[in-house]
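Down below is the structure, laid out as C-alpha cells.
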Protein chains: 2
Amino acid sequence: MGRPPGFDRREVLAAIEREFRRNGYDGTSLDGISAATGLGRGSLYAAFGDKHALFLAALGDYCDQDEASGAAALAGPDETAMERLRAYLIDSVDRQLNDPERLACMASRFTVELAGRDQDATARLRQGFDAQREALAGCLRAAQRNGDLDPAAEPVTLATLLVVDFRGIASLIGIGLDRAELVAVVDAALASLPVPRPSAAAS
Amino acid sequence: MGRPPGFDRREVLAAIEREFRRNGYDGTSLDGISAATGLGRGSLYAAFGDKHALFLAALGDYCDQDEASGAAALAGPDETAMERLRAYLIDSVDRQLNDPERLACMASRFTVELAGRDQDATARLRQGFDAQREALAGCLRAAQRNGDLDPAAEPVTLATLLVVDFRGIASLIGIGLDRAELVAVVDAALASLPVPRPSAAAS
DNA sequence: AACGATCTGGACTGTTCAGTAAAGAACCCC
DNA sequence: GGGGTTCTTTACTGAACAGTCCAGATCGTT
C-alpha cells in the first residue's frame, strides 16, 4: 500500500559513494548528491537519514562488496595461491588506473580522512581491514601449504604488510606513478616474500 | 619603516599546518585558523593570501622540513645504512603514534585528499615524494656497497616500495593497529629486502 | 474509480563559509 | 616626539551549507 520508491537503492548508493569518493566527506554537499542521484533532498532524507547516515550507508555498501570480491578473488586451490595474490594486487592497481578520475578506493581515502574523528566510519573501515587481511592471510597459508612460502613465516604479519602495500599504492597512484612503476613495485613486494628454506624442498 | 608583524611566521605556519592536518582542506575554516593562530582574518590575508595560498605555504613549509630531516636521517656511512633505514621507519611510526591525535603526516593525508584536484599541491607533494624516494635509494645503495643488499637489486624500485610501505603504515595507524604490530610490519618489510647472493660474499 | 498511504521536489530557515573593506593601533625612522 | 607606513581588528557581503517542511504527484488497494 502506498507509492513504492522510484529509484533503485543500489544505483543510488553507488552514485552517492562516487560523490563522496571524489569530494571527500566535507567536500560533498547534499546538493551535489541530489544532482548526482537525481533525487531531491526530501527523498534522500526519507530514505537514508542525514548526511552522516547517508555516508555510512554508502560506505557500508562499498565495504560489503569489497570484502566479498576480495575474498572471492583470493580463494582457490593451493597450487595457484601466489598467482591469485599477484592478480589481486595488479587488478587493484589497474582498477584504480582505469578509473576515469583515478580516485583512490573508499577504504584508503576515508581511513585517512576520518580516522579518529568518525567512530562509526572507523569501525566499519576496521572491519574491512580485518576482512582484507584475513583473506590475504588465507592465501598466504595456501602458498605455504604449496611450498611457495617459508612455512616459518607468520601469515598475519605478512598479510598486514600486503595490506600496507595495497594502501600505500592506492595513495601514491594519485601522485602520478605510471603503470610500469606500480607493477614493478608489486612484483618487488611479492618477490620479497620469504621463500622456503632450501632444506625444505617443494613438492 | 612601518610596524613589524607581531607574530612568528614559522610558529603561525606550524599552527596552520596542524589545523589543516587535523581537519583536511575542506574541513578547515579560516575562523578555525584564526582561532588557532590568534590572528584575525585580515592579518592572515595580508600575510599569506587566500585559503589556497595559505595552505600551500603551510604544505611547502612542512615538506621543506620533512625533506631535510629525512635526508639527514638517512645519510651516513655505508656500514650503518640498514640501521638507519630501520630507525627511519620506526621513528616515523613512533612520531605518529606519539602525536596527541595520531594524525597522519601531511604528505599521506593530502596525497589522498588533493590528488587530481589541486595541481599546485600535487606538484609539491610529488617533489616531496621524489626527495623521500631518492633519500631512501641512496641509503639502499650504501647498503649494497656494504654487502647488506643484493647488488643486482634496483635501488629506486625498492625505494619506491619502501615509500609505499611508509605511506601505507601512515594510513593504517589511524585504524587502530598497535605499536607491536606496526614494528613487526616494519621488520617484515626490511627482512624481505633481497639479501646478497651467497656466491658474492660481503667484504 | 476513488481512497489513502507513500514518495517527491522545491521552497524555506538559520548557520557558516571565504573573502573584502575600512577604521583603528602599533611601530620604526627621522 | 611627530609622521608615515605597516599591521591588526571588526564588521560586512554574497554564496553555500545541512536540515526541515509541506503541497502536490504517484501508485497499490479496495
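A, B, ... follow the sequence lines: proteins, then strands. Residue 1 opens every chain.
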Is there a side-chain polar atom (N or O) of B:S29 under 4.0 Å from OP1 or OP2 of C:dC17?
-> yes

Steps toward side chain to side chain contact (heavy atoms under 4.5 Å, CB included) verdict (A:Y25, A:R117) | CA-CA 12 Å; A:Y25 186 82; A:R117 170 180 150 191; 3.9 Å; yes

Separation of atom CG in A:L30 from atom P in C:dT15, rounded to whole Å = 18 Å

Could you tell me the separation between the CZ atom of A:R86 and the CZ atom of A:R84, rounded to the nearest 0.5 Å?
-> 15.0 Å

Trace of the side-chain hydrogen bond (donor to acceptor under 3.5 Å, both in side chains) decision for B:Q65 with B:D61 = CA-CA 6 Å; B:Q65 291 181 38; B:D61 190 67; 3.0 Å; yes

Separation of D:dT26 P from A:F7 CZ (nearest whole Å) | 17 Å

In terms of side-chain heavy atoms, does A:S34 have a donor or acceptor partner in A:R41 at a distance below 3.5 Å?
-> no

Picking from A:D78, A:L149, A:V156, what satisfies side chain to side chain contact (heavy atoms under 4.5 Å, CB included) with A:R141?
-> A:V156

Report the residue from A:T80, A:I90, A:L136, A:V186 that forms a side chain to side chain contact (heavy atoms under 4.5 Å, CB included) with A:L85.
-> A:L136

Those residues of residues 31-53 of chain A lying under 4.0 Å from DNA chain D by at least one heavy atom = A:D31, A:R41, A:G42, A:Y45, A:D50, A:K51

Selection: residues 112-121 of chain B, any non-hydrogen atom under 4.0 Å of DNA chain D | none

With sequence neighbours left out, the residues meeting salt bridge (charged side-chain N to carboxylate O under 4.0 Å, His left out) with B:E11 are none

Within 45 degrees of the axis of the six-membered ring of B:F20 and under 6.0 Å from its centre: does B:K51 put its NZ or CZ there?
-> no

